Number of protein chains: 2
Amino acid sequence: MALSSRAHAFSVEALVGRPSKRKLRDPREEAQPELLEKDGGEEEERRSSAAAGRKSKLTEKRTKTGPLATTFGFNSFGSLEEKDIIQVELQGSELWKSFHDIGTEMIITKAGRRMFPSVRVKVKGLDPGKQYYVAIDVVPVDSKRYRYIYHSSQWMIAGNTDHSCITPRVYIHPDSPCSGETWMRQIISFDRVKLTNNEMDDKGHIILQSMHKYKPRVHVMKQDSRVDLSRIQSLPAEGVKTFSFKETEFTTVTAYQNQQITKLKIDRNPFAKGFRDPGRNRWKQQLIPSDL
Amino acid sequence: MALSSRAHAFSVEALVGRPSKRKLRDPREEAQPELLEKDGGEEEERRSSAAAGRKSKLTEKRTKTGPLATTFGFNSFGSLEEKDIIQVELQGSELWKSFHDIGTEMIITKAGRRMFPSVRVKVKGLDPGKQYYVAIDVVPVDSKRYRYIYHSSQWMIAGNTDHSCITPRVYIHPDSPCSGETWMRQIISFDRVKLTNNEMDDKGHIILQSMHKYKPRVHVMKQDSRVDLSRIQSLPAEGVKTFSFKETEFTTVTAYQNQQITKLKIDRNPFAKGFRDPGRNRWKQQLIPSDL
DNA sequence: CAATTTCCACCTAGGTGTGAAACT
DNA sequence: AGTTTCACACCTAGGTGGAAATTG
């Protein structure tokens, strides 16, 4: 155990990984209505795998690969076909849950930092012959600023923030636009999205504030020949289906707070392989000039 | 001088780099009509910088950044506006010319190999508000098979090949579709295109035959909502403007034939830096077990 | 024997967390 | 004291030509 000195003071409870506190906070959040969906009237259906029993008629076809989010076809597209029941299924939800159970943290930097895990989804119910855009954005979960308390390994509310005047940036999936057939045939990965705390960012990265809670949202929209969706910065008012998943919520940080998160990231992110234990601090020894 | 042993037998003439022979062959090729443009009736205007004197009315606005190719608006798009005079300008033409003067070779492999130099262009005369696709393909320059003669450092005709039944694969620029405004604002680079000699290739690479002469072509097409251009394998019959540049012609090889080409590639391609002279064959000495 | 394939050392390009320094 | 930034060693991912092996 030779991880970051930043999270040096952690409780035994945090290391054992008892998920009780976190589980207790969830029901309250699930019950509260969507506060942030005023900008278009699109319906958002969130379904964690724990709530997978509802709407069995729609979930009959579910494979056991992961949680599923569904939006009913209330015809903002103008089409009445049964196929209008678009479903979006999160891939890699087990990994997301591993982080979520601890309290997911995502690093944000000036230059932009990828998410790990990244959002990857499968889409069903599209019209194979029609063209769609698929996009992602990240919206605040609440209006609170958080602070991590080391000795209790807990996130505490540390203040309020007004997000209401900020329109979140949208990252259009690079394959867009693309036929429904093609979208449905592949796993749609947003692994190249980058998060930044630089409000002046000009590289199209998603701008967030550190020490706040956010959730990614996936958007599916039929191609509209009237607007060039490929260059927009904000979502159109209608014709957009929006999906999100409880287990992808995270807190933004500029340096990891909870050492369990650091450990899990190092363990699962291929790019952090150099920090895995077995062969670690071997290079440190080479820096000591003792062979002379 | 410790380059490839393959091109060991080279003439002094080749090393000095006298361009006379090549220059002599060019006029014949320029005079011959396009043989391979039967598939759509699109007009192709080729203009090397050596022929830049013609059509001065159109080239007045030319900057001195490179050669320019122009297609007149004869309304396959149905529009009559003056803006229909689309111009495509090759970027990095000095580098291309350095290779062309020697006799450009491009390696092709089963897995696919990038081109160096890569095709990079600037486009002018698009309708800023309309959507366009930009694409590249590579077509045969003639029906000959070539062989490199080491002792005279020359390419000789070695036989005939019938290309007529092969429709070339098209590589759609990944930014497609995109507004004319955006296309014109940036340099359009095809550096990710890969060439292969694998006729069964399923990765969308451009399939070529080794030891043949080819030229890349750049295509500009207005978006047609009737067809999903993003997934096509061959060009539509109409509404396509096609451009090519004499200095981007090349001969396909599976291993470099002319040592001057090898030298120039190593010198200019960042990925071949490891073969540049100063620090070379230092690692070879480490492999000799002589320190015991 | 010419042409092609394969494996390799050496690069570019860029995604990790670290730990010290800087900021506020 | 909490938070942010920076240079850095260490990775992944993949683009080079060399040289030996293989192909036809």
Side-chain angles (χ1 to χ4, degrees), chain A residues 2-9 105 107-116 118 145-150 156 158-159 191-194 196-198 209-211 252-257 259 261-276 279-287, chain B residues 2-8 105 107-116 118 145-150 158 191-198 209-211 252-257 259 261-276 279-287:
Chain A
L3 295 173
S4 169
S5 63
R6 201 166 313 282
H8 229 84
E105 299 175 21
I107 288 195
I108 57 180
T109 67
K110 227 170 84 177
R113 196 77 152 192
R114 288 188 179 178
M115 292 173 61
F116 187 87
S118 56
R145 178 183 177 80
Y146 289 83
R147 168 172 300 174
Y148 189 74
I149 311 299
Y150 290 97
M156 302 286 282
D191 55 349
R192 279 155 121 125
V193 187
K194 285 188 176 178
T196 183
N197 57 349
N198 180 11
Q209 290 183 38
S210 187
M211 298 295 166
T252 47
V253 295
T254 56
Y256 290 127
Q257 304 294 306
Q259 191 177 352
I261 289 294
T262 311
K263 193 172 181 306
L264 198 49
K265 295 250 184 179
I266 288 172
D267 221 44
R268 307 299 293 270
N269 188 336
F271 288 110
K273 201 176 186 178
F275 298 101
R276 288 179 193 166
R280 228 158 88 71
N281 63 11
R282 205 181 301 165
W283 59 272
K284 278 183 182 173
Q285 294 170 5
Q286 288 183 347
L287 289 181
Chain B
L3 297 172
S4 169
S5 64
R6 200 165 315 281
H8 230 84
E105 299 174 21
I107 288 195
I108 57 178
T109 67
K110 227 169 85 176
R113 197 77 152 190
R114 287 189 180 178
M115 293 172 61
F116 187 87
S118 55
R145 179 183 176 79
Y146 289 84
R147 168 173 300 177
Y148 188 73
I149 310 300
Y150 289 98
D191 56 348
R192 277 153 122 125
V193 186
K194 286 189 176 176
L195 312 181
T196 183
N197 57 349
N198 180 12
Q209 289 183 38
S210 188
M211 300 294 166
T252 47
V253 296
T254 55
Y256 290 127
Q257 304 294 307
Q259 191 178 352
I261 290 295
T262 312
K263 193 173 181 305
L264 198 50
K265 296 251 185 179
I266 288 173
D267 221 44
R268 307 299 294 269
N269 189 336
F271 288 111
K273 201 177 187 178
F275 296 101
R276 289 179 194 166
R280 230 159 86 70
N281 65 11
R282 205 181 302 166
W283 59 271
K284 278 183 182 173
Q285 292 170 5
Q286 288 183 346
L287 290 180

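Letters go in sequence order (proteins before strands), and every chain restarts at 1. In this text the structure is predicted, and so the values were computed from the model without any measurement.
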Taking the side chain of [X] as heavy atoms from C-beta outward, which of [options] is closest to it?
{"X": "B:P270", "options": "C:dT5, C:dA3, C:dT12", "answer": "C:dT12"}
{"X": "A:Y256", "options": "C:dG17, D:dT4, D:dG17", "answer": "C:dG17"}
{"X": "A:Q257", "options": "D:dG17, C:dT4, D:dT3", "answer": "D:dT3"}
{"X": "B:K194", "options": "D:dG15, D:dG17, D:dA9", "answer": "D:dG15"}
{"X": "A:A272", "options": "C:dG17, C:dA3, D:dG17", "answer": "C:dG17"}
{"X": "B:N197", "options": "D:dT16, C:dT5, D:dC11", "answer": "C:dT5"}
{"X": "A:A255", "options": "D:dT12, D:dT4, C:dG17", "answer": "D:dT4"}
{"X": "B:T262", "options": "D:dG17, D:dG2, C:dA3", "answer": "D:dG17"}
{"X": "B:K110", "options": "C:dT4, C:dT6, C:dG15", "answer": "C:dT6"}

Exercise for the section: Check B:M115, B:R113, B:R114 against B:I107 for a side-chain contact (heavy atoms from CB on, under 4.5 Å) and give me the one that passes. Expected result: B:R113
What integer distance in Å separates [X]:[atom1] from [N]:[atom2]?
{"X": "A:N269", "N": "D:dA13", "atom1": "CG", "atom2": "C1'", "value": "13 Å"}
{"X": "B:I149", "N": "C:dC1", "atom1": "CD1", "atom2": "P", "value": "15 Å"}
{"X": "B:F275", "N": "C:dT12", "atom1": "CZ", "atom2": "C1'", "value": "13 Å"}
{"X": "A:F271", "N": "D:dA13", "atom1": "CZ", "atom2": "P", "value": "6 Å"}
{"X": "A:I107", "N": "D:dC6", "atom1": "CD1", "atom2": "C1'", "value": "13 Å"}
{"X": "A:K265", "N": "C:dG15", "atom1": "NZ", "atom2": "C1'", "value": "12 Å"}
{"X": "A:I266", "N": "C:dG15", "atom1": "CD1", "atom2": "C1'", "value": "14 Å"}
{"X": "B:R114", "N": "D:dA13", "atom1": "CZ", "atom2": "C1'", "value": "11 Å"}

Practice task
State which residues pass side chain to side chain contact (heavy atoms under 4.5 Å, CB included) with B:K265; sequence neighbours excluded, sorted by chain then number.
Solution key: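 B:K265 satisfies side chain to side chain contact (heavy atoms under 4.5 Å, CB included) with B:F99, B:M106, B:F116, B:Y256, B:I261 once adjacent residues are dropped.
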Practice task
Could you tell me if the ring centre of B:Y148 sits under 6.0 Å from that of B:Y146?
Solution key: no
Distances under 3.5 Å between protein N/O atoms and the N/O atoms of nucleotides 22-24 of chain D, please, pair by pair.
none

Handout entry: Partners passing side chain to side chain donor-acceptor pair (under 3.5 Å) against B:D267 (at least two apart in sequence or in another chain)
Key =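 For B:D267, no residue satisfies side chain to side chain donor-acceptor pair (under 3.5 Å) once neighbours in sequence are set aside.
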Can a side chain N or O of [X] be found less than 4.0 Å away from OP1 or OP2 on [N]?
{"X": "B:R276", "N": "C:dC11", "result": "no"}
{"X": "A:R268", "N": "C:dT16", "result": "no"}
{"X": "B:S210", "N": "C:dT4", "result": "yes"}

Practice task
Without swapping roles, check the side chain of A:Q259 against the backbone of A:Q257 for a donor-acceptor pair under 3.5 Å.
Solution key: no
Problem - Rounded distance [0.5 Å steps], CZ in A:R268 versus CZ in A:R276 - result: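 Rounded to the nearest 0.5 Å, the CZ-CZ separation comes to 9.0 Å.
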Exercise for the section: Please name the pair of heavy atoms, one in B:T109 and one in B:T196, separated by the smallest distance, quoted to 0.1 Å. Expected result: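 So the two residues come closest at O-OG1, 2.8 Å.
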Handout entry: A:N197 vs A:T254 side-chain heavy atoms within contact, under 4.5 Å
Key =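 Sidechains of A:T254 and A:N197: in contact.
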Practice task
Could you tell me whether the side chain of A:R113 has a donor or acceptor atom within less than 3.5 Å of a complementary atom in the base of C:dG17?
Solution key: yes
